[in-house]
Every structure is written in C-alpha cells, then in structure tokens.
There are 2 protein chains.
Amino acid sequence: MDTKRKTPIGRPRAFDADAALERALLVFWANGYEGASLDDLTEAMGITRTSMYRAFGNKEDLFRKALQRYSEGPAAYVPRAMEEPTAREVATAFLNGSVRTTTLPGCPAGCFGVQGSLAAGEAGRRAQQALAVWRNDGITVLRERMQRAIDEGDLPAGADADQLARYLMAVSNGIAVQAAGGAERAELQLVADIALRHWPLG
Amino acid sequence: MDTKRKTPIGRPRAFDADAALERALLVFWANGYEGASLDDLTEAMGITRTSMYRAFGNKEDLFRKALQRYSEGPAAYVPRAMEEPTAREVATAFLNGSVRTTTLPGCPAGCFGVQGSLAAGEAGRRAQQALAVWRNDGITVLRERMQRAIDEGDLPAGADADQLARYLMAVSNGIAVQAAGGAERAELQLVADIALRHWPLG
DNA sequence: CCACTAGCGCACCGATCGGTACCGAAGGAG
DNA sequence: CTCCTTCGGTACCGATCGGTGCGCTAGTGG
C-alpha cells in the first residue's frame, strides 16, 4: 500500500511525537518501567492516553522507543567512545561519558539502562529483559573494541578482551548506581579516574 | 504496659515469622519493591494478608525488615570483610563476597540493595530511599576502614579514603548489575580480580 | 462541496493494587 | 469451666492499573 506518501491522509497529529517521546523517556528514566504509570507518562507528554496508543502502540512499545532514543541521545557517548584511537582513550571516553550522562542537569540521575527496569514483577519482565539485552550489547561493543586493540598491538597480546569489557561496564554501572543514590559528579569522576589510573591493567 | 512477658497472651501464631521473612526477602530481591505484590509475597510466605499485616505491619515495613535480614544474612560478608587486617585483604574480601552473593545458587541474581528499588514511582519512593541510605552506609563503612588503613600506614598517606571506598562500591554495584543481567560467577570473578590487580591503586 | 481518513478525548472496561472489617478458632489466665 | 486476647481466613474496600469503544473533529483528495 501507499504507506509512504508525502502528506498523509487524514487529520494531522497536533503534537510533536519526538518531543513527546523525549518527555516519556525522562519519566521512565526517573521512575522505572513499573513506577511510571500511563497517567504520569501522558501528562508529561502533554497528550491523552488514546493519542499515545495511536502514536506509539502501548506502554511496552513506548518504553522500547524511549530506550532507542536514550541510545541515540544521552547514551550516544558509547559509540563515540569506541572510535577513539587507543584502548586507553576508549576507556577514558567511556567512563567519563558515563559520569557525565548519569549526572546530567535536567535529567534524572543515573543510567536509564540500569534503573529503567533492573528488577520487575511479571508485568515488567519484558522491559527488564529488553534492558538486560541492551546492557549486554554494550559489553559486546566494548569487547569487540578491546579485541581490536589487542589485534592492533595497542593492548598486550595476553590481554583478555572480555574481562576488560566487563570491568569497564561494571565501573560504569557502578557509577550509575551511585549517581542514582545522589552522588555528585565530582565524586563519580574520581571513581572513573581511579579506575583508569593503571590502565591497561596488564 | 507488659509488652515483654515470657508467654504472650492469646492464640500463638501458627507460622515461623523468621522463615516467612526469609521468603519475603527472596520475593522482593527477585521482583523489586513495586514488582512484588502482596499476593506474591503472602503466597511465598505461606500466610494470608491478615497474618502478614499483624506480624509485620505493612508492605513497606516488611520491605525494611527484609532489608535488615539481607544485611544480616547474604550481605554479612561486608562487615566481615572490614575485619581483615590490611586494606588489600579488605578490598579482596569485599569484592569476592560481592561476586559470591550476587550469584548465590537458590537466590535471585544480583544485589537486593541495588535492584530492590533503584528507581520507583511515588508508591515506592520510601523503599527507594531506604536502599539509597543503605548503599551510602556501605560506602561510609568502607571509607572509615580505608581511613583507618591510611592512619595505620597500611595505605600511603596521600591516599583518598573516600575515593577508594566509592571505587570499591562502584565495582561491587557494577558486578551486581551484571549478575542481574545473567552473568556467570566466573565472569564476575574476573571483574573483581582485575579491579584488585593494581591495588592499592596508588 | 462531499467522502474519506485519521487524530483526539471522554468515558469506561475488567483486573489488580495495598489495605481492612469482621468473625470463628485457639490457647493462656483466673 | 469462663473470660480475654490474639491468630487466621474470607470477603470486601476505594483507588489505580493498563487498555479501549465510540463519537467528534480536522484536515486531504476527488
């Protein structure tokens, strides 16, 4: 069918879907999947339940789209960090980005990928799994980058790419947990600094 | 009044309150505060709602008592680790204990103090704050132990007790997040090992 | 101008939430 | 035994949960 016409037939939507998704992300980020009710979400988005369902599907779909937006927005420092020339610079950019993003003014403290749904009841299990996959994908990206560094001779041949990747992700996640508990950016930067002091941890 | 008589007046309770609290802890641990419904909890505890309310107060009280039990049970490795003679041994016992407890067979993967309520809606905000306080208390205990090590000359005088404490807690929390995502104990042990490789991180 | 399509929002759905009133049952104190 | 206190279970409370049916409205295409 003609699903991609320039001007869609019918009444055009009266709200900015991108802006609404951004608001939804903030609510999920602050309250988690189960802690964010449809009333909370739609009120923040400035639309009614019906409009939300038409535009995004349902609560779970909205959560997944918010996660994608998180990846492309606040968490975009991750793929950027992978482009650094050396493993040390990759690790530094990754952890510094983690500190910055988990203490972003105007955004909830912590990492959406961690606190969005770390534990959940039956209702939120799918959201929980989606975030677990997201975090594991992050470890995979780090591992591949570390392996490349080993192959290029940037890291010693005996280094363990998986171990380094998991370590960096653990420090990043730990920073996120402390940020969620109210830690200041300067305190968390010290954590990132000390984690990098002896890099490459040979 | 006579609140502490040897044999309490009235019908004695027909269930083991300690065992019931243990079961409740497991449910909160696995599902989080908001993800654990009273039906889930009471079914696991083997008692009715009424008995639970009589014995423990309400859901929030039950959660706090479960947290206390967690501290005295699975998380008892923390105060034990603080009694190790050197800072290096303290750090090693702390992180190894973290790996063990977050991957305990028969228990939910991860740390109750992290995933019990990292983010929450209005209903779970008090539980969330209780866990934030609990985690900050953990950092305080570590900081005081690190300061003692500095005072005793075990760590160099220029060391930063707060920084070391936050770093150790970050690695521990990061291990917990990865455990919640399904990581194996052996993988997490490698994370702990690498974090300790260059201790005392001078 | 009309027909069609789709956004919008009210009102409502059944299910489930945490919490409680009530009542019969069970055991100690006298 | 009788009183008294507490336990345990049923049945229920109002509130809120995620999700929808339906009528109205606002645009586009012919």
Side-chain angles (χ1 to χ4, degrees), chain A residues 1-21 24 27-28 31-66 117 120-128, chain B residues 1-21 24 27-28 31-66 117 120-128:
Chain A
M1 300 300 193
D2 190 2
T3 60
K4 289 197 179 184
R5 59 170 67 213
K6 305 131 203 177
T7 55
I9 313 178
R11 178 176 171 181
R13 75 163 50 107
F15 64 94
D16 182 340
D18 272 1
L21 182 56
V27 174
F28 277 132
N31 303 115
Y33 179 78
E34 292 185 295
S37 72
L38 280 181
D39 282 341
D40 295 335
L41 290 162
T42 53
E43 184 188 341
M45 297 166 85
I47 61 179
T48 63
R49 302 164 92 79
T50 320
S51 298
M52 192 281 282
Y53 273 86
R54 288 228 181 249
F56 299 102
N58 61 15
K59 188 185 180 183
E60 188 185 322
D61 292 336
L62 180 63
F63 184 79
R64 296 188 119 93
K65 278 161 183 154
S117 187
E122 205 56 51
R125 201 127 294 170
R126 296 176 64 87
Q128 177 190 20
Chain B
M1 300 303 188
D2 191 1
T3 60
K4 288 195 179 184
R5 62 169 63 213
K6 306 129 201 178
T7 55
I9 313 178
R11 177 177 171 179
R13 72 163 53 107
F15 64 93
D16 182 340
D18 272 1
L21 182 56
V27 175
F28 277 133
N31 304 114
Y33 179 79
E34 292 185 296
S37 72
L38 280 181
D39 282 341
D40 296 335
L41 291 162
T42 53
E43 185 188 339
M45 297 165 86
I47 60 179
T48 63
R49 301 165 91 80
T50 320
S51 299
M52 191 283 281
Y53 272 86
R54 286 217 182 259
F56 299 102
N58 61 14
K59 187 184 180 184
E60 188 185 321
D61 292 336
L62 180 63
F63 184 79
R64 297 189 119 93
K65 279 161 182 154
S117 187
E122 206 56 50
R125 201 127 294 170
R126 296 176 64 87
Q128 177 190 20

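Letters A, B, ... mirror the listed sequences (proteins, then strands); counts begin at 1.
Per the geometry, CG belonging to B:N31 stands 12 Å off P belonging to C:dG18, to the nearest Å. Atom CD of A:E43 and atom P of D:dG18 are 14 Å apart (whole Å). Taking atom CD1 of residue A:I47 and atom P of nucleotide C:dC10, one finds them 13 Å apart after rounding to whole Å. Taking atom CG on A:D61 and atom P on D:dT20, their separation rounds to 11 Å, with Å as the unit. Distance CZ (B:F63) to P (C:dC17): 17 Å, rounded to an integer number of Å. Regarding B:E60, its CD atom lies at a distance of 18 Å from the P atom of C:dC17, rounded to whole Å. The distance from atom CG of A:L41 to atom P of D:dC17 is 10 Å, rounded to the nearest whole Å. D:dG19 atom C1' lies 8 Å from atom CG of A:L38, rounded to whole Å.
Looking at A:L38 and A:Y53, their side chains come closer than 4.5 Å, going by heavy atoms from C-beta outward.
As judged by a 4.0 angstrom heavy-atom cut-off over every strand, A:A36 is placed among residues touching the sugar-phosphate backbone only. Note on A:R54: a base of the nucleic acid sits closer than 4.0 angstrom, heavy atoms only. Counting non-hydrogen atoms under 4.0 angstrom, A:S51 reaches the backbone sugars and phosphates but no base.
Below the 3.5 angstrom threshold, one finds no donor paired with an acceptor across the side chain of B:R11 and the base of C:dG28. Counting atom types as modelled, A:T50 pairs a side-chain N or O with a base atom of C:dC10 as donor and acceptor under 3.5 Å.
A distance of 7.0 Å separates OG1 in A:T42 from CE in A:M52, rounded to the nearest 0.5 Å.
Comparing D:dG18, D:dG8, D:dC17 against the side chain of A:D39 picks out D:dC17 as the nearest. With D:dG18, C:dC8, C:dA26 as the choices, the nucleotide that has an atom nearest any side-chain atom of A:R13 turns out to be C:dC8. For A:T48, counting side-chain heavy atoms from C-beta on, the closest listed nucleotide (C:dT20, D:dT10, C:dG9) is C:dG9. Side-chain proximity of A:F15 to C:dG18, D:dG8, C:dC8: nearest is C:dC8.
Of the side-chain N and O atoms in B:S37, one or more sit less than 4.0 angstrom from OP1 or OP2 of C:dC17.
Minimum heavy-atom separation, B:F28 to B:A66: CD1-CB, 4.1 Å. Listed here is the closest heavy atom pair of B:A123 and B:Y33: O-CE2, 3.9 Å.
Of the residues near DNA chain C, B:N58 and B:P12, the one whose nearest nucleotide (by heavy atom distance) lies more toward the 5' end is B:N58.
Under a 3.5 Å cut-off, the side chain of B:K65 and the backbone N or O of B:F56 do form a donor-acceptor pair.
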